[in-house]
Amino acid sequence: MAMRASEWQKLPVSLTELCINTSLRCGQSFRWRKSAEDEWSCALHGRILSFRQDPEHLHYRATFPSSSIPTPPPSNEPSAAPSVASDDDDTLALVKHYFNLGANLGRLYEQWAAADPNFKKRAPKFAGVRMLRQDPWEALIGFICSSNNNISRISGMVANLCLHYGPLIGHIDDVPYHDFPTPEALADPKVEAHLMKLGFGYRAKYIYKTAVMVAEKEDGLGWLDGLCNPELPAFGKDTGDAGELVEGGREGYRNAHQELLALHGVGPKVADCVCLMGLGWSESVPVDTHVWQIAQRDYKFGRGKHSSLTAATYTAVANHFRKLWGKEAGWAHSVLFTADLKAFSERLVAKTEVKEETTIVKEELDAGVAQVSKIKTTAKTRVKRAPADEGHVMVKAEEEITSRSKRRKTRRV
DNA sequence: CGGCTGCCTTGGAG
DNA sequence: ACTCCAAGGCAGC
């Protein structure tokens with residue numbers, strides 16, 4: 001397919017305000033792919049969006065299918081505004097919106113650290129973990145896929161959804177990039193069995209039924225978009241306190257959460273993920289297995305009344321964090337969540353030997369070498385085989401050399 | 001009504 | 001070979 005890439009643009013953004021290498025990989029969106037060294041790409045809103053970053057700038061570029069570029073004006077008309085410029089204006093707004101760039105993340109980190117010693121202790125190695133403002137429908141389906149699942153496999157499933165049901169936007173190095181499928185595309189009766197065959201398990205039925213429910217709404221996706229927080233993040237102006245918050249969050253948040261619970265495969269946790277990452281409700285705090293472990297380890301939950309993660313405990317944990325961190329509690333939660341991920345655990349270890357081993361294994365992967373490592377004879381890191389069904393997108397595994405953190409034995413979710 | 005149990009799918013790691 | 005676990009949800013008791 002003929003493509004047309006706009007030039008690289010840049011925005012002044014520090015790594016404290018945004019670290020794409022963390023924010024695009026920490027389980028908010030499951031769709032970003034490494035398209036080159038230190039470059040991340042994804043099909044969004046009819047274009048392929050690519051990002052790079054240096055310590056002072058976010059670099060971005062949009063690549064459009066040539067057919068979607070407005071046809072140049074006839075030669076007898078004055079060519080006033082180049083089409084690329086208008087595309088870039090659109091893309092700039094998209095980038096700012098997607099990264100919530102109106103918010104001052106550095107100041108928020110300071111406020112969370114001042115209010116919470118545990119945040120102060122854990123956050124320094126995880127600067128720039130910024131809440132994304134994703135498409136609500138994509139977030140909904142992505143997090144329905146997330147139940148009893150891991151980020152690597154979720155990413156593969158979402159890639160399969162896009163590959164089989166989403167529009168092809170273009171290629172980078174012969175790798176196809178598809179946009180996220182519409183509700184109508186997933187509401188076809190054949191979808192459930194097909195997704196089952198693709199390895200979605202019991203989530204196949206959830207996705208199909210939810211797609212039907214949304215597609216049958218009076219105004220379709222308008223219903224979902226109508227649950228969005230109407231105000232955009234702009235914390236930069238006033239007193240600077242993170243914002244006091246009524247217990248349980250604003251009414252718009254509570255309403256959106258309740259509405260989402262009517263969908264198949266959407267419980268309290270998935271609904272909170274959609275509220276936080278798709279609908280812009282910053283006080284939403286999804287309490288998943290990681291957050292529940294954090295609450296037990298660092299915030300004295302897991303005993304007495306709240307010894308197991310019941311519905312009441314879920315609310316108590318979320319309310320505790322809202323009271324502690326304030327209006328953007330969900331943003332703060334995302335920082336601690338990321339710090340708890342295995343994929344980022346190398347930052348928590350003394351980086352001497354481990355660092356070297358990681359580098360060596362990584363180089364072998366990059367070179368496509370299938371030989372047994374001379375360093376680690378039992379290296380488990382291996383290029384994942386492509387499943388039988390053609391077209392399954394491989395998701396490169398994180399090198400996980402370091403040992404995992406100890407888990408509580410008595411955990412029950 | 002709230003809490004608990006078993007079950008649902010898959011695949012990687014130990 | 002086997003168990004546990006990975007950003008859960010749901011029906012039944």
Side-chain angles (χ1 to χ4, degrees), chain A residues 25-30 131-132 134 139-158 160 192-193 195-207 209-210 260-278 284-295 304-318 330 333-345 378-389 392 394-413:
Chain A
R25 295 194 302 139
C26 67
Q28 293 189 54
S29 169
F30 305 101
M131 185 55 56
L132 307 177
Q134 299 179 63
L140 172 60
I141 297 302
F143 283 101
I144 286 177
C145 292
S146 75
S147 69
N148 264 325
N149 214 340
N150 55 70
I151 293 176
S152 168
R153 188 172 158 223
I154 299 164
S155 301
M157 288 162 67
V158 170
N160 261 334
E192 182 181 341
L195 294 184
M196 204 67 192
K197 202 171 65 183
L198 288 174
F200 280 63
Y202 56 84
R203 306 162 197 90
K205 187 194 299 266
Y206 293 160
I207 291 167
K209 290 198 165 185
T210 287
L260 291 170
L261 290 180
L263 301 171
H264 291 278
V266 180
K269 188 269 172 184
V270 169
D272 268 324
C273 287
V274 178
C275 283
L276 176 63
M277 304 174 204
S284 173
V285 180
V287 182
D288 61 14
T289 170
H290 288 277
V291 176
W292 175 231
Q293 286 168 78
I294 292 168
K305 173 65 187 146
H306 299 304
S307 58
S308 66
L309 187 48
T310 65
T313 303
Y314 184 103
T315 305
V317 171
H333 133 282
S334 183
V335 177
L336 293 193
F337 173 86
T338 302
D340 204 54
L341 283 179
K342 268 189 304 175
F344 297 100
S345 61
T378 59
K380 296 285 197 330
T381 316
R382 196 183 322 165
V383 175
K384 296 209 165 93
R385 65 192 159 75
D389 192 87
H392 181 96
M394 291 193 300
V395 180
K396 210 202 292 187
E398 273 306 308
E399 300 85 62
E400 283 156 14
I401 306 297
T402 58
S403 65
R404 59 165 60 195
S405 58
K406 299 172 201 84
R407 303 285 188 211
R408 293 180 63 102
K409 198 68 175 178
T410 56
R411 195 163 59 80
R412 179 167 294 281
V413 177

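Lettering follows sequence order; numbering is per chain, from 1.
Comparing B/dG11 with C/dC10, their C1' atoms are spaced 23 Å from each other, to the whole Å. With P as the reference atom, B/dG14 and C/dA7 are 14 Å apart, rounded to whole Å. As rounded to the nearest Å, B/dC7 and C/dT3 have P atoms that lie 15 Å from one another. A distance of about 16 Å separates the P atoms of C/dC4 and B/dT5, rounded to the whole Å.
Residue A/L263 is in sugar-phosphate contact alone, with no base atom involved, counting any heavy-atom pair closer than 4.0 Å across all strands shown. Using a 4.0 Å heavy-atom criterion, one finds that A/A204 contacts no nucleic acid atom at all. Contact annotation for A/V287: no contact, since no heavy-atom pair falls under 4.0 Å across all strands. Nucleic acid contact for A/F200: none, since no nucleic acid atom lies under 4.0 Å from a heavy atom of the residue. In this structure, A/G27 reaches the bases: a heavy-atom distance under 4.0 Å links it to at least one base atom across the strands shown. When heavy atoms are screened at a 4.0 angstrom cut-off, A/H333 is found touching base atoms of the nucleic acid.
In this structure, OH of A/Y314 is placed 13 Å from P of C/dC10, rounded to the nearest angstrom. Residue A/M157 contributes atom CE, which lies 13 Å from atom P of B/dG12 at whole-angstrom precision. A straight line from CG of A/D288 to C1' of C/dG9 spans 14 Å, rounded to a whole angstrom. Rounded to whole Å, the distance from CZ on A/F337 to P on C/dA6 is 10 Å. Between the CG atom of A/N150 and the P atom of B/dA13 there is a distance of 9 Å, given to the nearest Å. Distance A/D272 CG to C/dG8 C1': 13 Å, rounded to the nearest Å.
We find that the ring of A/F143 and the base of C/dA7 do not stack by the test of centres under 5.5 angstrom and planes tilted less than 30°.
With A/S334 contributing its side chain and A/G330 its backbone, the two residues share no donor-acceptor pair below 3.5 Å. Between the A/R203 side chain and the A/F200 main chain, a donor and an acceptor come within less than 3.5 Å of each other.
Judged by distance alone with a 3.5 Å cut-off, a donor-acceptor contact links the side chain of A/Y202 to the base of C/dG8.
The phosphate of C/dA6 has OP1 or OP2 within less than 4.0 Å of a side-chain N or O from A/T289. The phosphate of B/dG3 (OP1 or OP2) has a side-chain N or O of A/K305 nearer than 4.0 angstrom. At least one side-chain nitrogen or oxygen of A/S308 sits closer than 4.0 Å to the OP1 or OP2 atom of B/dC4.
For A/T310, counting side-chain heavy atoms from C-beta on, the closest listed nucleotide (C/dG9, C/dA7, B/dC4) is B/dC4. Of the listed nucleotides (B/dC8, C/dG9, C/dA7), B/dC8 has the atom at the smallest distance from the side chain of A/N148. With B/dT9, C/dA7, C/dA6 as the candidates, the nucleotide lying closest to the side chain of A/Q293 is C/dA6. Checking C/dA7, B/dG11, C/dG8 against the side-chain heavy atoms of A/R153 singles out B/dG11 as nearest.
When side chains are defined from C-beta on, A/D272 counts as touching A/Y314, because their heavy atoms get closer than 4.5 Å. Residues A/L195 and A/L198 are in side-chain contact: their nearest non-hydrogen atoms beyond the backbone lie under 4.5 Å apart.
Between A/L261 and A/Q28, the residue whose closest nucleotide on DNA chain C is further toward the 5' end is A/Q28. Residues A/K269 and A/V266 each lie close to DNA chain C; by heavy-atom proximity, the contact nearer the 5' end of the strand is made by A/K269.
In this entry B/dT9 has no Watson-Crick or G-U wobble partner, no candidate having both defining distances under 3.5 Å.
Inspection of the A/T313 and A/T310 side chains reveals an N or O donor paired with an N or O acceptor under 3.5 Å.
Here the closest non-hydrogen pair linking A/C145 and A/I154 is O-CG1, 3.9 Å.
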